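Structure record follows, encoded as structure tokens.
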Amino acid sequence: MEEQKKKSIQVVVDTAITAFAEGLISRYSEEVDDTNGVINMKKNNCFIAELGEEFMFYSAFVRSFDSSLGNVLEKMGNNIAKLSYEVRGDIDSFILPDQTQRIASILDSYVDHVTVPSVSHYASHTSIYPKDVTSFKRTHVTDNYFYSKDKNEHYLIELKASGDLDNKKARAEKSALLDEYFLLKNQLKDDSSAIIKIFFGTAYNKFGEGKPWKQERVKQFFAEDELLIGADYWNFVCDDKDGFDIVFEQYKISAEKIKDALKRIKEMYFDNGR
């Protein structure tokens with residue numbers, strides 16, 4: 001990777017994590033004298049309080065911290081992607097009845113184990129476009145839509161920054177991505193060279209980086225070449241095989257600011273007999 005691009009990625013990571021740490025301090029500083037604040041409410045739970053300050057303090061963060069950090073990682077990924085791709089927004093297009101039917105047929109075949117997931121199941125589908133598509137128009141919100149001008153390739157990614165997908169939601173996630181695929185395909189119908197790829201991604205591998213990703217229920221709906229798990233996701237957004245290593249090395253440095261923020265917040269609530 002070029003040194004300038006590496007430095008730019010490091011700046012993106014550090015900026016995101018710094019802002020996150022400062023946001024934590026700001027939020028919990030405002031709540032320190034609020035009896036209904038998250039940490040103070042936890043202190044009032046005698047059953048939790050009995051387990052000690054350390055457990056009480058961190059248990060107050062568990063639910064919201066994971067979600068908030070996930071949002072930071074997703075935005076960070078998009079900002080890193082801007083160094084290599086065009087990062088685009090919502091898709092304003094149309095989807096035809098035969099395409100909707102095709103999506104349902106594909107998903108039903110996966111549910112019934114008639115077929116295993118394959119890109120060819122939707123990429124090979126052709127439609128006859130009517131002159132008037134007004135009644136079929138829709139706008140789809142997209143959080144991760146990247147475009148490579150050099151390759152004329154469009155990438156649609158459904159990212160679970162938490163690293164996990166509820167097995168019951170796998171079908172819905174694939175359905176949403178297929179909706180996006182056909183909407184974009186219809187929008188680009190006059191560009192025969194355009195390529196559209198859809199992916200399900202996670203910010204980390206819940207089974208450990210470098211180890212097999214074993215969410216078989218999710219794999220029931222996604223082909224291997226539709227998955228960007230952990231390091232593969234970061235390598236993709238960085239458009240470089242060393243992307244994950246660069247991102248995570250900088251994260252380890254910047255994460256000290258989060259640790260410092262947590263220490264300061266804990267002192268606000270538990271020092272001086274609070």
Side-chain angles (χ1 to χ4, degrees), residues 71 74-75 77-78 81-82 85-161 165-202 215 217-229 232-233 236-237:
N71 291 334
E74 180 166 357
K75 292 177 181 177
N78 271 345
K82 291 176 182 178
Y85 311 100
E86 290 181 19
V87 176
R88 299 186 172 182
D90 301 344
I91 303 172
D92 189 9
S93 183
F94 62 93
I95 188 165
L96 302 173
D98 72 288
Q99 294 170 335
T100 301
Q101 291 170 4
R102 180 59 180 166
I103 292 172
S105 177
I106 289 171
L107 297 177
D108 286 344
S109 72
Y110 296 164
V111 170
D112 297 334
H113 298 281
V114 174
T115 58
V116 295
S118 171
V119 171
S120 64
H121 293 160
Y122 51 87
S124 62
H125 183 75
T126 57
S127 298
I128 298 175
Y129 294 101
K131 292 182 179 180
D132 186 1
V133 297
T134 304
S135 60
F136 307 125
K137 286 187 175 182
R138 284 171 51 186
T139 297
H140 200 294
V141 176
T142 59
D143 295 324
N144 304 274
Y145 171 14
F146 309 149
Y147 173 62
S148 171
K149 186 175 181 180
D150 293 340
K151 298 178 181 178
N152 196 18
E153 291 186 350
H154 302 253
Y155 311 114
L156 301 168
I157 306 173
E158 180 59 41
L159 176 69
K160 292 300 176 187
L165 175 64
D166 187 325
N167 288 339
K168 295 178 182 178
K169 296 180 180 179
R171 174 174 178 146
E173 297 291 355
K174 184 59 175 285
S175 180
L177 273 171
L178 289 174
D179 278 352
E180 291 184 49
Y181 173 87
F182 281 112
L183 283 164
L184 187 54
K185 181 179 181 179
N186 294 341
Q187 186 183 80
L188 302 170
K189 62 185 177 64
D190 295 327
D191 184 355
S192 60
S193 66
I195 297 173
I196 304 170
K197 296 183 179 182
I198 61 175
F199 299 100
F200 170 75
T202 65
Q215 279 205 272
R217 175 65 173 170
V218 178
K219 287 185 175 183
Q220 184 180 348
F221 292 92
F222 289 91
E224 286 294 332
D225 48 4
E226 294 174 326
L227 296 174
L228 292 173
I229 305 301
D232 289 340
Y233 168 76
F236 186 87
V237 298

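All values below come from the heavy atoms of this structure, side chains included, with hydrogens, waters and symmetry mates left out. Here the structure is a predicted model, which is why all the values come from computation and not from measurement.
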request  = Would you please classify the geometry between the Tyr155 ring and the Phe236 ring as parallel, tilted or perpendicular, with 30° and 60° separating the classes?
outcome  =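 Plane angle over 60°, so perpendicular.
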key: Pairwise salt bridge (Lys or Arg N to Asp or Glu O under 4.0 Å) hits with a residue in residues 139-155, at least two apart   =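 As it turns out, the salt bridge (Lys or Arg N to Asp or Glu O under 4.0 Å) pairs with a partner in residues 139-155, which skip direct neighbours, are Glu153-Lys197.
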request  = Can you tell me which residue pairs pass the salt bridge (Lys or Arg N to Asp or Glu O under 4.0 Å) test with a partner in residues 103-125, sequence neighbours excluded?
outcome  =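 Residue pairs with at least one partner in residues 103-125: Asp108-Arg171.
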Main-chain N/O of [Y] paired to [X] side chain as donor or acceptor, under 3.5 Å:
| X | Y | value |
| --- | --- | --- |
| Glu158 | Lys174 | no |
| Thr142 | Gly89 | yes |
| Asn186 | Phe94 | yes |

Taking only residues two or more places apart in sequence, or in another chain, which ones meet [X] in a side-chain hydrogen bond (donor to acceptor under 3.5 Å, both in side chains)?
| X | answer |
| --- | --- |
| Thr115 | Ser109 |
| Glu173 | Lys160 |
| Asp98 | His125, Ser127 |
| Lys219 | Glu224 |

ask   = Only one of Ile91, Leu188, Ile195 forms a side chain to side chain contact (heavy atoms under 4.5 Å, CB included) with His154, so which one is it?
value =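 Single pass found, and it is Leu188.
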Going by the rule side-chain contact (heavy atoms from CB on, under 4.5 Å), which residues pair with [X] if we only count those two or more places apart in sequence or in a different chain?
| X | answer |
| --- | --- |
| Ser118 | Ser120, His121 |
| Ala123 | Val119, Tyr181 |
| Asn144 | Glu74, Asn78, Phe146, Ile157, Leu159, Tyr233 |

inquiry  = Please enumerate all residues that pass ring-ring contact (aromatic ring centres under 6.0 Å, His included) together with Phe136, with sequence neighbours excluded.
reply    =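 Once residues adjacent in sequence are excluded, Phe136 has no partner under the ring-ring contact (aromatic ring centres under 6.0 Å, His included) criterion.
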message = Using the ring-ring contact (aromatic ring centres under 6.0 Å, His included) criterion, which residues pair with Phe222? Sequence neighbours excluded.
response =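 Result, ring-ring contact (aromatic ring centres under 6.0 Å, His included) vs Phe222: Phe200.
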message = Can you see whether Arg102 engages Gln99 through a side-chain donor-acceptor pair at a distance of less than 3.5 angstrom?
response =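 Judged by distance alone, the side chains do not pair up.
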How long is the gap from [atom1] on [X] to [atom2] on [Y], to the nearest 0.5 Å?
| X | Y | atom1 | atom2 | value |
| --- | --- | --- | --- | --- |
| Ile196 | Phe182 | CD1 | CZ | 9.5 Å |
| Ile198 | Leu228 | CD1 | CG | 11.5 Å |
| Ile229 | Gln215 | CD1 | CD | 8.0 Å |

request  = Apply the test side-chain contact (heavy atoms from CB on, under 4.5 Å) to residues Ser93 and Leu184: give CA-CA distance (whole Å), side-chain angles for both, the deciding distance (0.1 Å), then the verdict.
outcome  = CA-CA 7 Å; Ser93 183; Leu184 187 54; over 6 Å; no
task = Before giving the answer on side-chain contact (heavy atoms from CB on, under 4.5 Å), spell out for Tyr110 and Val116 the whole-Å C-alpha distance, their side-chain angles and the decisive distance to 0.1 Å.
result = CA-CA 6 Å; Tyr110 296 164; Val116 295; over 6 Å; no
ask   = Looking at Ile95 and Leu183, what are the two nearest heavy atoms and their distance?
value =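 Reported closest heavy-atom pair: N-CD2, 3.9 Å.
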key: Over all atoms of both residues, closest heavy-atom pair of Leu96 and Tyr129   =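 For Leu96 versus Tyr129, the nearest heavy atoms are CD1-CD2, 3.8 Å.
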query = With a 4.5 Å heavy-atom cut-off, do Tyr147 and Val87 have their side chains touching?
reply =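 No, side chains not in contact.
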task = Kindly write out the residues that satisfy salt bridge (Lys or Arg N to Asp or Glu O under 4.0 Å) with Asp179, not counting sequence neighbours, or none if the list is empty.
result =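 Applying salt bridge (Lys or Arg N to Asp or Glu O under 4.0 Å) to Asp179 gives Arg138.
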